[in-house]
2 protein chains.
Amino acid sequence: MKGVAQRRATIVDVAKQANVSKSTVARVLEGKINVSDDARARVLKAVAALGYERNRLAVGMRSGRTGLLAIVIPDITNPFWAEVTRGAQDQAIKKGFSLLVFSSDWDVAKEAAHLQAIRQARVDGAIINPVADNFDSIDFFGMPLVFLGSSAERFPEISSVGSDIKQGVNLGLQAFAERGHALPSLIMGPRSRLARIRFLRAVTDYCIARDMDPELVTIEDADYTVEGGFQAMSRLLELNARKEKHRAVFAANDLMALGAMMAVRKAGLRCNEDVSILGFDGIPAGMFSMPGLTTIKKPSRQIGETAMVCLLDEIEGHSEHGRIHLPCQLIERDSVADLYRQNEINR
Amino acid sequence: MKGVAQRRATIVDVAKQANVSKSTVARVLEGKINVSDDARARVLKAVAALGYERNRLAVGMRSGRTGLLAIVIPDITNPFWAEVTRGAQDQAIKKGFSLLVFSSDWDVAKEAAHLQAIRQARVDGAIINPVADNFDSIDFFGMPLVFLGSSAERFPEISSVGSDIKQGVNLGLQAFAERGHALPSLIMGPRSRLARIRFLRAVTDYCIARDMDPELVTIEDADYTVEGGFQAMSRLLELNARKEKHRAVFAANDLMALGAMMAVRKAGLRCNEDVSILGFDGIPAGMFSMPGLTTIKKPSRQIGETAMVCLLDEIEGHSEHGRIHLPCQLIERDSVADLYRQNEINR
DNA sequence: ATGAAAGCGCTAACAG
DNA sequence: CTGTTAGCGCTTTCAT
């Protein structure tokens, strides 16, 4: 029987076989209660016998609900976004929805194309990490939407889920302080990204709250890549080699932190002993580096799960959730030295 | 206008506005040629004016083509599968299809549920890395299918795409030989997986072709995880510590190779100098390990792209492609020592 | 080149 | 509790 194209059973076939009307079959399928046990049993039997499977297109056509959801992220190949997607996926499946996945590559044109596909597919809702500055020209016809990440802040009317950057930065800065380090130097992403602005604001707030001068912290620009982190760290090292400065470095993501570690090694210095490096993201690769990368982990999977739960809520007509910021977490490995303990040991 | 739920324009609205019939609008939308330039222009204008967007549900209902495709992989969070998915995604988008993504977690029940969702969504085709041993009970109604990976071999009637494990293993074994190593010890995945059998068969063939005894190679079982690789390597080390044995190790995936590297370090030995380790996969994390992981890279993205191209071909009614095995590639980093060059240097 | 009519499979609204 | 009817938006077929 496999692979043979034969006509699929419809609700009418089931109705005929079970000796009831289409409506009754539909009621059973929908799980409605107002059906006699007898009729239900006959319908179920017919469904099994015919191998009937509901045509969700037809359902969607009539009811307006397709059982389809969509997620638009920059790149499914990026471990962070893969985790987010997985979280969303699991929640969607659990509720009987299927998930369309799109990668925008931070490209406005691609994003626009994906949004069109999403609207044409008549999905019941979508989770989006927006790259365009605005969607004024786009009418979503009231389609439930949840935005992801810092860039979502540009859209005040749409609920969003992301990590709590301010809290994560505080965690990192405190980690340095508690281990006896001065304020770290910073390796940041591109100036255009909203996440950078949030990061720096958190640093400033931290300094001010402790009567430190935020102007004193050195900032190197990079681009979220390993190579960029490598070069930024190299510049830091040249800036003030062996002068006891830049012995603590906080990178805005793990890839740059890993690149920075390579630069330290290249310069003949050792990470931890000579320079302490802290990352931000929590990607698996940090486990394998030498030394292991100490980092601030974003709750990636939980972000996806939460976004999906919000979306599902909005689809069911519950009120909107507003802005949700999930807490980050310190993962301690070996790239940040504990100066206090070292001193104790030396004594 | 944003967020306001207003009725979406239909083909009838467009027809009215353009002063033509539904049929003519449909013809323009389909890109048919038998439409006067005048009519086409009016339709296009009306489409733009009304912000009309085709309802793919209705199209699918009538024409049988939904523009939806599906992919079922074990876990989108696994970098290998994320790459495969991305490859498939790009090709699908290019042809105007949207992609439903499912993670099966190597779980037969989950897989079955996903396949049901796929059939209910009336997708035009699907790419599947099968986990169940057979789908005899499932009738796909002639839905175009392409299978992924070694496990696809269980389904002779369905075309499949995967990496060429035999060629990859040969590449690895040759790499060891060319650098002056004896036959490596092996860290393998679970005995149940078809990929393991293929791997070992390739090793046996290699040995026989060179008059070596395949029985001489040591095999440690593991489970494709870092921890499993760590333990397997530890056993290897105990087996014959410092007796010049197991100085070359070939792991069946990168994660186990990375775990093995950790075990070597833990034992006070050094990777490359004391033990050479070769991985299989080509995951990004291998770039950051210390030393960098030398590995056999599977063409993950290309596998996804190729599978999707095959699927699209089958959807368009072209003949089936049969079994496709894409070649692997050696990525040389620093975890495999070149014994010949070392000797030269020492002289 | 264009239009009219039928109908894909289902659910919603109503009637009984 | 159950059946009848109408119609979602589109493509297809047939006629003109």
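Chain identifiers are assigned alphabetically (A, B, ...) following the order of the sequence lines, protein sequences preceding nucleic acid strands; residue numbering begins at 1 within each chain. Just so it is clear, the model here is predicted, and its values are computed rather than measured.
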Tell me what B:Asn55 touches on the nucleic acid: a base, only sugar-phosphate, or nothing, going by heavy atoms under 4.0 Å.
-> sugar-phosphate
Between C1' of D:dG9 and NZ of B:Lys16, the distance in whole Å | 13 Å
Polar contact flag, side-chain donor to acceptor under 3.5 angstrom, A:Glu153-A:Ser160 | no
Nucleotide D:dG7, atom P - distance to CZ of B:Arg62 in whole Å = 18 Å
Nearest to the side chain of B:Ser23, which nucleotide is it out of D:dT2, D:dT4, D:dT12?
-> D:dT12
D:dT12 C1' sits how many Å from B:Lys22 NZ, rounded?
-> 11 Å
Could you tell me whether A:Arg42 and A:Asp38 make a salt bridge, using a distance below 4.0 angstrom between a side-chain N and a carboxylate O?
-> yes
Going from CE on B:Met143 to CD1 on B:Ile315, what distance comes out if it is rounded to the nearest 0.5 angstrom?
-> 9.5 Å
Between D:dT11 and B:Ser63, is there an OP1 or OP2 to side-chain N/O distance shorter than 4.0 Å?
-> no
Stepwise, does the salt bridge (charged side-chain N to carboxylate O under 4.0 Å, His left out) test hold for B:Lys298 with B:Asp164?
-> CA-CA 8 Å; B:Lys298 293 180 188 166; B:Asp164 191 337; over 6 Å; no
Closest-nucleotide 5' rank along DNA chain C - winner of B:Ala39 and B:Arg122 | B:Ala39
Determine whether any donor atom in the side chain of A:Ser36 lies under 3.5 Å from an acceptor atom in the base of D:dT2, or the reverse, and answer yes or no.
-> no
Give one of base, sugar-phosphate or nothing for B:Arg40, where a contact means two heavy atoms less than 4.0 Å apart.
-> nothing
Can you give the first and last nucleotides of DNA chain C, 5' to 3', that have an atom under 4.0 Å from a heavy atom of chain B?
-> C:dA1 to C:dG9
Tell me which of B:Val59 and B:Arg27 sits closer to the 5' end of DNA chain D, going by the nucleotide each one is nearest to.
-> B:Val59
Any chance you could measure A:Leu99, atom CG, to A:Leu69, atom CG, to the nearest 0.5 Å?
-> 6.5 Å
Report yes if some heavy atom in the side chain of A:Leu194 is under 4.5 Å from a heavy atom in the side chain of A:Arg154; otherwise report no.
-> yes
Gap between atoms CE and C1', on A:Met61 and D:dC10 respectively (whole Å) = 7 Å
Figure out the CD/C1' separation between B:Glu30 and D:dG9, and round it to whole Å.
-> 14 Å
D:dT11 phosphate, OP1 or OP2, under 4.0 Å from B:Arg54 side-chain N/O = yes
Let me know the distance between CD1 of B:Ile11 and P of D:dG9, rounded to the nearest Å.
-> 11 Å
Which class fits the ring pair B:Phe155 and B:Phe147: parallel under 30°, tilted 30 to 60°, perpendicular over 60°?
-> perpendicular
